[in-house]
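Everything below concerns the one structure shown next.
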There are 2 protein chains.
Amino acid sequence: MEDVQPSAGPGDVVAADLERAIHEHRLPPGTKLGEDEIGEVYSVSRTIVRAALQSLAHRRLVELKRNRGAFVAQPTARDAREVFEARALLEPRTARSAAERITDKDLIALQAHIDAEHAALRAGDSGRALYLSGQFHIEIARIADQTTIEAYIRELVSRSSLIIALYWHRRAALCESHAHHALISAFAARDGARAEDLMKSHLLDLVTSLDLRNVVSMPSSLREALAR
Amino acid sequence: MEDVQPSAGPGDVVAADLERAIHEHRLPPGTKLGEDEIGEVYSVSRTIVRAALQSLAHRRLVELKRNRGAFVAQPTARDAREVFEARALLEPRTARSAAERITDKDLIALQAHIDAEHAALRAGDSGRALYLSGQFHIEIARIADQTTIEAYIRELVSRSSLIIALYWHRRAALCESHAHHALISAFAARDGARAEDLMKSHLLDLVTSLDLRNVVSMPSSLREALAR
DNA sequence: GTCGGCATGATCGTATACAATAATGTTGCG
DNA sequence: CGCAACATTATTGTATACGATCATGCCGAC
């Protein structure tokens, strides 16, 4: 669907594939990512795998433990709060810029995004729906024509996916698409102020739908608990 | 002075040293960073150097050109605008948070920072002064206790150093320390709103002191111009 | 029977060797 | 004399081999 950069090496391909797998919760937080194992899957040497893992580690999607290996990151409750704090600073203003610059073509693309999201949801593919819902936020940054901020939002959205895997309890996934739909109508009206407000409350809704009080509950957490 | 993480490998040391050299303008934008060359300087193999360069590339401090090598990044005027756009979104609110949480110990550390900045300036070490002036902004994010935002600001400050190397014309470096001094007084008064305003105008001052109209003027740019 | 020390195995960290690509210098032809 | 094709050299891209570190299982001692 989306092509990689023209001069992208095999490491980038591996990283992109792992990233999507993590994003879609096929690789849950805490999963060990052995270098030999991944290398065998993609038929590349450990050199390539290491480059990919380092790239993902820099984006905080995996944690690199020296002499122990790479693991899908397990954001703490504090990490979660920080991620949404950062999103609250970046995204509302970016949505405003997007609303002021959006073209009709962009609007159609955004609408198609939502439709695909709905379709995935109806098909029961919640992983893909979650992925697309994240892409929606990234698309807004792209429309705002801010590649630096887009890169940050991209990272924050990825981390949010991990956070959702760990702390999401309220299973109401429909609020998502409703918020996105409201955003689109603000975009269509070129109403920057409304888009900013909608994005702000959308992010607030997201963070309040998390349960950040108790500790991690994932399978491997007990091992992690005493390993450190 | 500052220690690296306990479990930091040699690659991180190399990356940190290169980063500071770039930050202090000892490695100007466009400089070629040959792998063998760097490896010889630090007495490490190319494996380590490559990891360090990849890390720096991810932070946009160096540009990696496939089969061509690594070069100190040369942000475009557009990049410069985007960097300061992002800083404008992140730093003022972060300064407000910092003002609301700052301790007396933090205040002393910040003051020491400014003093060192002045000392470096008087000693004619403008590179070090610039480095310390960047550290000041990072320190504020640390005080605000937002490690995620701090990481972004760290990256943006580094890139700002490259932007200053390329687009800075007005040689008035004194406005810097004055603005930082005013910020400290707002922090001392725990005046979050004032800190936020001061940071906002400080960043505005910075970006307006740049000349983003004409193209890059660095030595290697002519070669770069037709290579692509 | 349990705990501590030791041997074993697996995995990661690093260096090095080889292959591929791009830049450069040279040579021959027009 | 200028240009183009080729050979050469240098540099990066990738794979693999070896060493170091940590986890695991075994065994003996208390």
Side-chain angles (χ1 to χ4, degrees), chain A residues 4-18 27 30-58 60-74 219-228, chain B residues 4-18 27 30-58 60-74 219-228:
Chain A
V4 278
Q5 283 195 140
S7 63
D12 301 298
V13 177
V14 174
D17 205 62
L18 286 174
L27 291 173
T31 307
K32 160 116 198 217
L33 302 171
E35 298 182 352
D36 281 320
E37 200 177 341
I38 296 173
E40 205 167 316
V41 170
Y42 295 99
S43 303
V44 292
S45 89
R46 281 180 50 220
T47 307
I48 307 297
V49 175
R50 282 180 75 79
L53 290 176
Q54 282 179 354
S55 170
L56 293 173
H58 200 163
R60 316 275 188 164
L61 275 176
V62 314
E63 241 175 289
L64 246 43
K65 302 187 180 177
R66 192 171 176 80
N67 287 316
R68 305 264 312 262
F71 303 81
V72 178
Q74 299 186 99
S220 67
S221 61
L222 44 125
R223 169 191 296 177
E224 297 282 329
L226 81 128
R228 243 207 172 268
Chain B
V4 278
Q5 283 195 140
S7 63
D12 302 294
V13 177
V14 175
D17 206 62
L18 285 175
L27 291 173
T31 306
K32 161 120 198 210
L33 302 172
E35 299 182 351
D36 279 320
E37 199 176 341
I38 296 172
E40 204 167 315
V41 169
Y42 295 100
S43 302
V44 292
S45 91
R46 281 179 49 222
T47 307
I48 308 297
V49 175
R50 281 181 76 80
L53 290 175
Q54 281 180 355
S55 169
L56 293 172
H58 204 279
R60 315 275 187 161
L61 274 175
V62 314
E63 240 175 291
L64 245 43
K65 303 188 178 173
R66 191 169 176 82
N67 287 315
R68 303 264 313 264
F71 302 82
V72 177
Q74 301 187 97
S220 67
S221 61
L222 42 125
R223 170 190 296 178
E224 298 281 329
L226 81 130
R228 247 211 171 268

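Naming convention: chains lettered A, B, ... in sequence-line order (proteins, then strands); numbering from 1 in each chain. Small disclaimer: the values here were computed from a predicted structure and weren't measured. Note that these values count all heavy atoms, side chains included, but never hydrogens, waters or copies made by symmetry.
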Query raised in the report: Is the distance from OP1 or OP2 of C/dC12 to the nearest side-chain N or O of A/Arg66 less than 4.0 Å?
Result: no

**Report entry** A/Lys32 side-chain N/O to C/dC12 phosphate OP1/OP2 under 4.0 Å
**Finding:** yes

Requested in this report: With sequence neighbours excluded, tell me which residues meet side-chain contact (heavy atoms from CB on, under 4.5 Å) with B/Gln54.
Outcome: A/Ala51, A/Gln54, B/Leu64

What's the [atom1]-[atom2] distance between [X] and [N], to the nearest Å?
X       : N      : atom1 : atom2 : result
B/Glu63 : D/dT12 : CD    : C1'   : 17 Å
B/Asp36 : D/dT9  : CG    : P     : 17 Å
B/Leu33 : D/dT12 : CG    : C1'   : 14 Å
A/Lys65 : C/dG13 : NZ    : C1'   : 18 Å
A/Arg68 : C/dG9  : CZ    : P     : 21 Å
A/Glu35 : C/dT14 : CD    : C1'   : 12 Å
B/Glu40 : D/dT11 : CD    : P     : 11 Å

Query raised in the report: Among C/dT21, C/dG13, D/dT14, which nucleotide sits nearest the side chain of A/Asn67?
Result: C/dG13

Query raised in the report: Hey, what do you get for CD (A/Glu35) to CD1 (A/Ile48), rounding to the nearest 0.5 Å?
Result: 12.0 Å

Query raised in the report: Can you find a heavy atom in the side chain of A/Leu61 that is under 4.5 Å from one in the side chain of A/Leu18?
Result: no

Query - Student check: side-chain heavy atoms of A/Val13 and A/Val44 closer than 4.5 Å - result: no

Query raised in the report: Within the side chain of B/Asp17, is there an N or O that forms a donor-acceptor pair under 3.5 Å with the backbone of B/Val14?
Result: no

Report task. Please list, by residue number, the residues of residues 45-54 of chain B whose heavy atoms come closer than 4.0 Å to an atom of DNA chain C; answer none if no residue qualifies. Result -> B/Ser45, B/Arg46, B/Thr47, B/Ile48

Report task. For the pair B/Leu53 and B/Ile38, evaluate side-chain contact (heavy atoms from CB on, under 4.5 Å) and give the outcome as yes or no after the intermediate values. Result -> CA-CA 10 Å; B/Leu53 290 175; B/Ile38 296 172; 4.2 Å; yes

